[in-house]
Number of protein chains: 2
Amino acid sequence: MKEVILSQVYQHPLISAEDLRRIIDAHHPRSFKKGELIYKRGKVLNEYLVLENGLIRSYTHNYHGDEITTDFFGQYEVVIEVLSLFQRTPLQEDLHALTDGCGWTIQYDTFQELYHTIPGLSEWGRLWMTNKLFQFKQKSIDIITQSARARYLDILTNKPQIIRHAPLKQIASFLGITDTSLSRIRKDIG
Amino acid sequence: MKEVILSQVYQHPLISAEDLRRIIDAHHPRSFKKGELIYKRGKVLNEYLVLENGLIRSYTHNYHGDEITTDFFGQYEVVIEVLSLFQRTPLQEDLHALTDGCGWTIQYDTFQELYHTIPGLSEWGRLWMTNKLFQFKQKSIDIITQSARARYLDILTNKPQIIRHAPLKQIASFLGITDTSLSRIRKDIG
DNA sequence: CCAATTTCTTGCCATAAGACAAGAACAATC
DNA sequence: GATTGTTCTTGTCTTATGGCAAGAAATTGG
């Protein structure tokens, strides 16, 4: 299973079979229970996690103290907060398991060494960043141009596991509305 | 001036003086007039631009055909759409000069060569991406948690040149409100 | 299996922002 | 400097969402 997941995630034309082997070998197993805090706010992130299964969310608090869910991570996704990992600053978010699950971690130092010795990996990393950047940019645009209802329907069709496992309040804060409003939207959809 | 701007922008502990020299030499001058379309939607971006002075905005259209300003770029900023440059896909936005200005461009191929031969440059690139990612993430959170008025005041204090040069309608679409609403916010502020 | 806690729904009223439209101010061009 | 188009303001009315609060439903822990 390790090979299947990781060769999928690190797929890139410039990463050779041998390079891929080195990358895979650098990952260690990690499993977690529902409710577990996987990475805690305030600490500098020292690894990241490639998710084999389970659902994780990241959240922070606004000036008012309300919890804001900033992202959800599902199967085959990379659970990371890049600012903390690559700028060596304290995590600004908590990462929290919504279900039991497991995945594969790689330490910062190991990743750095591979990043500088496997040219394909720095290309891969840049592509990954590019995609993530695009996602967040698109999210900003969607919040501006789409109704909360449309954004909910979008999650419902594209990321149904979020709807299944995350409580309404967390989905609401991710969408940028209150739990009350989301409850009404759900009622309305039927 | 070229040296001042570019050594500022490419400042990084792992970039040596010689590396910096190579990077600087790879940049070519580019100037533009107010209103000029600097990069056009539909084409694959083949270079990026480090801005010496002037103000540029990127915009796209929503499903309704309305223009949405997605970003503004000022002095010392890197004018780029990473998805197009690094994934070799057509630009999804137009980049449009709000004022006369000038800066320094570097071609994709040249950048790639430097990226893979100067280890510090791939670190620099990753840091840049990290920051940009953080900005967009923060923008999503701000749209959700702050009022349009608060976000306008934020631009007013932190990026006043935008308020000075961009027409109200473009600022409004960047904030995610209508020009009418922004006009009322301005009136209210006094 | 019951008590405690959390999550979700619903009602009522308040508010920020939108839609549309008319006109004023400003800028650009000949 | 008159004409034309663009940008900005203002008015009226509508709508999506929020704030607060009460109760129902579901989940969790002994």
Side-chain angles (χ1 to χ4, degrees), chain A residues 33-37 55 57 59 61-69 72 94 96-100 140-156 162-190, chain B residues 33-37 55 57 59 61-69 72 94 96-100 140-156 162-190:
Chain A
K33 291 274 159 209
K34 179 175 176 178
E36 195 174 319
L37 268 191
L55 186 64
R57 73 169 180 129
Y59 65 93
H61 297 267
N62 68 7
Y63 66 102
H64 221 109
D66 308 318
E67 240 182 44
I68 307 279
T69 297
F72 290 101
D94 284 313
H96 163 233
L98 289 167
T99 64
D100 292 358
S140 303
I141 295 174
D142 288 348
I143 295 171
I144 286 176
T145 60
Q146 313 267 106
S147 66
R149 189 177 199 276
R151 278 177 289 133
Y152 178 76
L153 287 171
D154 187 59
I155 293 180
L156 194 59
I162 294 177
I163 310 292
R164 276 202 305 279
H165 295 294
L168 180 139
K169 199 176 176 175
Q170 291 170 12
I171 302 169
S173 79
F174 181 69
L175 289 170
I177 57 177
T178 56
D179 51 348
T180 310
S181 295
L182 181 53
S183 175
R184 292 193 173 112
I185 288 170
R186 277 188 173 173
K187 183 188 178 187
D188 186 51
I189 288 168
Chain B
K33 290 274 161 209
K34 179 175 176 177
E36 192 174 321
L37 268 190
L55 186 65
R57 72 168 182 130
Y59 66 94
H61 297 267
N62 67 9
Y63 66 102
H64 219 108
D66 308 318
E67 241 183 45
I68 307 278
T69 297
F72 290 101
D94 284 313
H96 163 233
L98 288 167
T99 63
D100 292 359
S140 302
I141 295 174
D142 287 349
I143 295 171
I144 285 176
T145 61
Q146 314 267 107
S147 67
R149 190 176 199 274
R151 277 177 290 134
Y152 178 76
L153 287 172
D154 186 60
I155 294 179
L156 194 58
I162 293 178
I163 309 292
R164 276 203 305 278
H165 295 293
L168 178 138
K169 200 176 177 174
Q170 293 169 10
I171 301 169
S173 78
F174 181 68
L175 289 171
I177 57 177
T178 56
D179 52 348
T180 309
S181 294
L182 182 53
S183 175
R184 291 194 171 112
I185 288 169
R186 275 188 172 170
K187 184 190 179 187
D188 186 53
I189 289 167

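Just so it is clear, the structure is predicted and the values come from calculations on it, not from any experiment. In what follows, chains are A, B, ... by sequence order, proteins preceding strands, each numbered from 1.
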For DNA chain C, the expected dot-bracket line (Watson-Crick or G-U under 3.5 Å, [ ] crossing, | inter-strand) is ||||||||||||||||||||||||||||||
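The interatomic distance linking Asp188(A) (CG) with dT15(D) (P) rounds to 14 Å, in whole Å. Atom P of nucleotide dT15(D) and atom CD1 of Ile185(A) are separated by 17 Å, given to the nearest angstrom. In this structure, CD1 of Ile177(B) is placed 19 Å from P of dA16(D), rounded to the nearest angstrom. Atom CG in Leu175(A) sits roughly 16 Å away from atom P in dA16(D) (whole-Å rounding). In this entry the distance linking CD of Glu67(B) with P of dT6(D) reads 13 Å, nearest Å. As a whole-Å value, the separation of Ile171(B) CD1 from dC8(D) C1' is 12 Å. When the C1' atom of dT7(D) is taken as reference, atom CG of Leu98(B) falls 14 Å away, rounded to whole Å. Taking atom NZ on Lys169(B) and atom C1' on dT6(D), their separation rounds to 9 Å, with Å as the unit.
In this structure, His96(A) and Gly35(A) approach most closely via the heavy-atom pair CD2-O, 3.7 Å. Nearest heavy-atom pair across Leu55(B) and His165(B) is CD2-CB, 3.7 Å.
A 4.5 Å side-chain heavy-atom check between Arg186(A) and Leu168(A) finds at least one atom pair inside the cut-off. At a threshold of 4.5 Å between non-hydrogen side-chain atoms, the residues Ile163(B) and Ile171(B) count as touching. Side-chain contact check for Leu98(B) versus Gln170(B): some heavy-atom pair is nearer than 4.5 Å.
Rounded to the nearest 0.5 angstrom, Thr69(B) OG1 and Ile162(B) CD1 are separated by 10.0 Å. Note that the CG atom of Leu175(A) and the CZ atom of Arg149(A) stand 13.0 Å from one another [nearest 0.5 Å]. Expressed to the nearest 0.5 Å, how far OG1 of Thr99(A) lies from CZ of Arg57(A) amounts to 12.5 Å. Between Arg164(A) atom CZ and Leu156(A) atom CG the span is 10.0 Å, to the nearest 0.5 Å. To the nearest 0.5 Å, the span separating NZ on Lys169(B) from CD on Glu67(B) amounts to 7.5 Å. Rounding to the nearest 0.5 Å places CG of Leu37(A) at 5.0 Å from CG of Asp94(A).
The stretch residues 144-152 of chain B has no heavy atom under 4.0 Å from DNA chain D, so no residue of it qualifies as close.
Nucleic acid contact class of Gly35(B) (heavy atoms, under 4.0 Å, all strands): none.
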- Task: For Ile155(B) and Phe72(B), run side chain to side chain contact (heavy atoms under 4.5 Å, CB included): C-alpha distance rounded to whole Å, both residues' side-chain angles, the deciding distance at 0.1 Å, then the answer.
- Result: CA-CA 11 Å; Ile155(B) 294 179; Phe72(B) 290 101; 5.7 Å; no
Show which side-chain atoms of residues 176-183 of chain B pair as donor or acceptor with protein atoms under 3.5 Å away, not counting sequence neighbours.
| unit_1 | atom_1 | unit_2 | atom_2 | d |
| --- | --- | --- | --- | --- |
| Thr178(B) | OG1 | Ser181(B) | N | 3.3 |
| Thr178(B) | OG1 | Ser181(B) | OG | 3.2 |

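On the nucleic acid side, DNA chain C contacts chain B at distances under 4.0 Å to non-hydrogen atoms, with the end points of that region at dA17(C) to dC20(C).
For Asp66(B), there are no salt bridge (Lys or Arg N to Asp or Glu O under 4.0 Å) partners two or more places apart in sequence or in a different chain.
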Restricting both atoms to N or O, compile the protein contacts to nucleotides 10-14 of chain D shorter than 3.5 Å, with distance only.
| unit_1 | atom_1 | unit_2 | atom_2 | d |
| --- | --- | --- | --- | --- |
| dG11(D) | N7 | Arg184(B) | NH2 | 2.5 |
| dG11(D) | O6 | Arg184(B) | NH2 | 3.0 |
| dT12(D) | O4 | Arg184(B) | NH2 | 3.3 |

